[in-house]
Amino acid sequence: MAPSDLDLFNRDPNEINSHIKVAFEDVLAEPDGIQSITCVWSFSNLCFRFWRSCTYKLMTLLCGMCVAMYWGCEFSYIAFMHIWYVTPCLRTLEINCVSCQKIYALCINCWVVPFCEACGSIFIHFKR
């Protein structure tokens with residue numbers, strides 16, 4: 001995705017972080033019968049939203065690019081390992097397992113099938 005295609009308004013289009021609740025109403029609530037003064041509640045809401053926004057912006061300013069760089073490196077490493085190591089290893093196992101499957105089928109057909117047929121021919125006489 002080119003930087004010009006970046007949606008600056010909807011920054012979570014796939015809703016991968018929709019589980020994060022950071023609204024005032026999701027964190028603080030006063031039940032009926034025990035409530036603070038209206039101006040305290042309103043100012044608390046204002047303070048909560050200000051400090052949530054301010055500290056988040058400060059943390060992303062100080063750490064955001066470093067964390068993004070780390071995750072970019074991490075996912076490039078994962079891609080590298082899968083392309084150059086994991087997939088070839090799985091393909092090697094898949095090729096070798098075909099030979100093992102043929103040997104297993106040969107052993108079953110040579111030893112187990114005749115034994116089962118012999119047992120079957122013995123027990124067929126016990127039929128009512």
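The shown structure was predicted, so the numbers you read here are calculated from the model rather than taken from an experiment. Residues: numbered from 1 along the sequence shown.
Interatomic distance, Arg11 CZ to Leu6 CG, rounded to the nearest 0.5 Å: 7.5 Å. To the nearest 0.5 Å, the span separating SG on Cys100 from CD1 on Ile95 amounts to 12.5 Å. Asn10 CG to Glu15 CD: the interatomic distance, rounded to the nearest 0.5 Å, is 8.0 Å. In this structure, Arg91 CZ and Cys89 SG are separated by 13.0 Å, a value rounded to the nearest 0.5 Å. Atom CZ of Arg52 sits about 10.0 Å away from atom NZ of Lys57, to the nearest 0.5 Å. Atoms CG and CG, from Asp12 and Asp7 in turn, are 11.0 Å apart once rounded to the nearest 0.5 Å.
Residues that satisfy the ring pair (Phe, Tyr, Trp, His ring centres under 6.0 Å) test with Tyr104, not counting sequence neighbours, are absent from this structure.
Listed for the Asn17 side chain is no donor-acceptor partner under 3.5 Å among the backbone atoms of Ile20. Without hydrogens or angle criteria, Ser42 side chain to Cys39 main chain gives no donor-acceptor distance under 3.5 Å. Here the side chain of Ser53 pairs no donor or acceptor atom with the backbone of Arg49 at under 3.5 angstrom. A distance-only check finds a donor-acceptor pair linking the side chain of Asn109 to the backbone of Ala105 [under 3.5 Å]. In terms of modelled atom types and a separation under 3.5 Å, the side chain of Asn14 and the main chain of Ile16 share no donor-acceptor contact. A donor-acceptor contact shorter than 3.5 Å links the side chain of Thr92 to the backbone of Pro88.
Put simply, Phe75 and Tyr77 are part of two different groups of oily side chains (I, L, V, M, F, W, Y) that touch within less than 4.5 Å, one to the next. At a threshold of 4.5 Å between side-chain heavy atoms, the hydrophobic network of Ile, Leu, Val, Met, Phe, Trp and Tyr places Ile78 and Trp71 in one connected group. If you chain together hydrophobic residues whose side chains sit under 4.5 Å apart, Leu61 and Met59 never meet in one group. A continuous path of ILVMFWY side-chain contacts below 4.5 Å connects Tyr85 to Leu90, so both sit in one hydrophobic cluster.
Ring centroids of Trp41 and Phe24 are separated by less than 6.0 Å, placing the two rings close together.
Other residues, nucleotides and ligands place more than 12 heavy atoms under 6.0 Å from the CD atom of Gln35. More than 12 heavy atoms of other residues, nucleotides or ligands sit less than 6.0 Å from atom CD of Glu25.
If you chain together ILVMFWY residues whose side-chain heavy atoms come under 4.5 Å of each other, Val40 ends up grouped with Ile37.
When all heavy atoms are compared, the tightest approach of Pro114 to Ile108 is CD-O, 4.4 Å. When every heavy atom of Pro31 is checked against every heavy atom of Ala29, the shortest pair comes out as CD-O, 4.0 Å.
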